[in-house]
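Shown next, in structure tokens, is the structure this report addresses.
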Amino acid sequence: MSEQFKKFYDENGITRHLTISYTLQQNGVVERRNITLFDIVRSMMTQANLSISFWGDALLTAIYILN
């Protein structure tokens, strides 16, 4: 990470949580996030009675909500 990026985090009070790619120990973090996202998408699609063609938009919305 660049020093500017680290400085931005520090100035804005953002806590960083870094993960290491392709490690078995941390794959669970990604898997849990994916499960959470898909649960949100399924819930939104069911509640709104949307067709499958809106799946991508629902996923983008779920990501926005979680971030």
Side-chain angles (χ1 to χ4, degrees):
M1 290 179 44
S2 70
E3 289 300 317
Q4 286 179 321
F5 205 50
K6 290 177 185 177
K7 184 179 176 185
F8 173 79
Y9 276 144
D10 293 338
E11 289 174 353
N12 293 290
I14 299 171
T15 304
R16 294 177 293 148
H17 299 281
L18 304 175
T19 59
I20 301 170
S21 301
Y22 308 110
T23 57
L24 294 175
Q25 295 85 354
Q26 293 186 345
N27 278 346
V29 173
V30 175
E31 293 299 324
R32 283 192 303 275
R33 178 56 62 128
N34 286 340
I35 290 169
T36 302
L37 282 171
F38 291 126
D39 286 345
I40 293 171
V41 169
R42 281 192 293 269
S43 296
M44 286 192 307
M45 302 256 323
T46 302
Q47 183 66 30
N49 292 323
L50 293 174
S51 69
I52 196 73
S53 64
F54 288 101
W55 187 88
D57 294 320
L59 180 61
L60 290 174
T61 303
I63 293 168
Y64 180 80
I65 289 169
L66 287 177
N67 284 337

Q | Euclidean distance, Thr36 OG1 relative to Glu31 CD, rounded to 0.5 Å | A | 11.0 Å
Q: For the pair Phe5 and Phe8, name the ring-plane relationship: parallel under 30°, tilted 30 to 60°, perpendicular over 60°.
A: parallel
(Q) Does Glu3 form a side-chain contact (heavy atoms from CB on, under 4.5 Å) with Lys6? I'd like the steps, not just the answer. (A) CA-CA 5 Å; Glu3 289 300 317; Lys6 290 177 185 177; 3.7 Å; yes
Q: Test Lys7 against Asp10 for salt bridge (charged side-chain N to carboxylate O under 4.0 Å, His left out), laying out the working first.
A: CA-CA 5 Å; Lys7 184 179 176 185; Asp10 293 338; over 6 Å; no
Q) Just how far is it from atom CD1 of Ile40 to atom CE of Met45, taken to the nearest 0.5 Å? A) 14.0 Å
Atom pairs and distances, side-chain donor-acceptor, residues 51-66, under 3.5 Å, sequence neighbours left out:
unit_1	atom_1	unit_2	atom_2	d
Ser51	OG	Ser53	OG	2.8
Thr61	OG1	Asp57	O	2.9

